Amino acid sequence: MRFATWNVNGLRARLDFIKIWLENRSPDVVGMQELKVEEPDFPADEFEALGYQHAIHVQKGWNGVGILSKHPIEVTQSGLSGEDEMGARLISADVAGISFTTVYVPNGKTLDHEDFPAKVKWLGSLAEYCNATNLGNKPSILCGDFNVTPDHIDSWKGERAVGNIFHTEDERGAIAALQQQGLTDLFRDKCPAEQKFSWWDYRGGAFHRGQGLRIDYLLGSSAIRERVDDVWIDRDFRKKQDGLTASDHAPVIVDLTD
DNA sequence: ATGTCGGAATTATTCCGA
């Protein structure tokens, strides 16, 4: 059983690229972020033709999250309670016997912008939600674009970046709090010392310079962790495919034993 | 080069967000 998370950076602009990826990797369940599409424009038929059902939580213009699945999806939550003003950033569903949640954490912009404390607050609300729904104590996956590097190794700048946005104690503390609920960073658990990134800025040739961040990940409860066969970042799909532009994020994939 | 994208607002250009 293959689960993935991917910030697609605009579903309408990325649709053909996503279809190539789905056909290549054939994931069972995908959490997608930054759909940037409204419900009437969601290309349901295109995904159905590839065997995927969907559930989405979207808004006009920005943000938006969704789930594609080869298996039935039962939505359990759309939107993070108390955080409506921050946009459409969370959807949860029961899929294939697993509680699956995908999130698009607010970027925060800069440390002195009002969005930064709002980001930290949003992460606190997420921790409350995970606790209230007991995610750590049942088969659960919490995945998405967290816009936080969990540790020094997860940034191309390493320790030099401490204190910059995506690298602060407040942000890392909020991610650690999720892990303390029993939600393990599955990539880091499998590869304790590997420096791998999931996002590279479009600007300045960052991808080819190796200037990336690991800000997309899959957290799993103990019941999931026991089933992990492999966890990997699908870096090839950060590259152009058939002349089509990639997202600035690569998909992150976990393969579970059935 | 703060160097690229996607989308909105508004009509091919500029702004915003990332």
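No experiment lies behind these values; they were computed from the predicted model shown. In the text below, chain A, chain B and the rest are named by the order of the sequence lines, each starting its count at 1.
Sorted by first and then second residue, the salt bridge (Lys or Arg N to Asp or Glu O under 4.0 Å) pairs with a member in residues 37-56 of chain A read A/Lys19-A/Glu46; sequence neighbours excluded.
The ring of A/Phe42 has its center closer than 6.0 angstrom to the ring center of A/Phe47.
Taking the centre and axis of the six-membered ring of A/Trp200, the NZ or CZ atom of A/Arg235 falls inside the cone set by 45° and 6.0 Å.
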Sugar-phosphate means primed atoms, P, OP1 and OP2; the rest is base. With that split, encode nucleotides 8-18 of chain B 5' to 3' as B, S or - using protein heavy atoms under 4.0 Å.
SS------B-B

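Here, B/dT11 and B/dG6 have their P atoms 24 Å apart, quoted to the whole Å. Between B/dA8 and B/dG3, the distance separating the two P atoms is 22 Å to the nearest Å. Between B/dC16 and B/dT2, the two C1' atoms lie 14 Å apart (nearest whole Å).
Using a 4.0 Å cut-off between charged nitrogen and carboxylate oxygen, A/Lys121 and A/Glu83 count as a salt-bridge pair.
Taking atom CZ of A/Arg14 as the reference point, atom C1' of B/dC5 lies 8 Å away to the nearest angstrom. Put simply, NE2 on A/His208 is 13 Å from P on B/dT4, counting in whole angstrom units. Atom CG of A/Asp41 and atom C1' of B/dG6 are 15 Å apart (whole Å). Between A/Arg209 atom CZ and B/dT2 atom C1' there is a gap of 13 Å when expressed in whole angstrom units.
A chain of hydrophobic side-chain contacts below 4.5 Å, direct or via other Ile, Leu, Val, Met, Phe, Trp or Tyr residues, connects A/Val75 to A/Val29.
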Report all side-chain donor-acceptor pairs from residues 214-224 of chain A shorter than 3.5 Å, counting only partners two or more places apart or in another chain.
{"residue": "A/Arg214", "atom": "NE", "partner": "A/Asp154", "partner atom": "OD1", "Å": "2.8"}
{"residue": "A/Arg214", "atom": "NH1", "partner": "A/Asp185", "partner atom": "OD1", "Å": "3.2"}
{"residue": "A/Arg214", "atom": "NH1", "partner": "A/Asp185", "partner atom": "OD2", "Å": "3.3"}
{"residue": "A/Arg214", "atom": "NH2", "partner": "A/Asp154", "partner atom": "OD1", "Å": "3.2"}
{"residue": "A/Arg214", "atom": "NH2", "partner": "A/Asp185", "partner atom": "OD2", "Å": "2.7"}
{"residue": "A/Asp216", "atom": "OD1", "partner": "A/Ser198", "partner atom": "OG", "Å": "2.6"}
{"residue": "A/Asp216", "atom": "OD1", "partner": "A/His249", "partner atom": "ND1", "Å": "2.9"}
{"residue": "A/Asp216", "atom": "OD2", "partner": "A/His249", "partner atom": "ND1", "Å": "3.1"}
{"residue": "A/Tyr217", "atom": "OH", "partner": "A/Val148", "partner atom": "O", "Å": "2.8"}
{"residue": "A/Ser221", "atom": "OG", "partner": "A/Lys138", "partner atom": "O", "Å": "2.5"}
{"residue": "A/Ser221", "atom": "OG", "partner": "A/Ser140", "partner atom": "N", "Å": "3.0"}

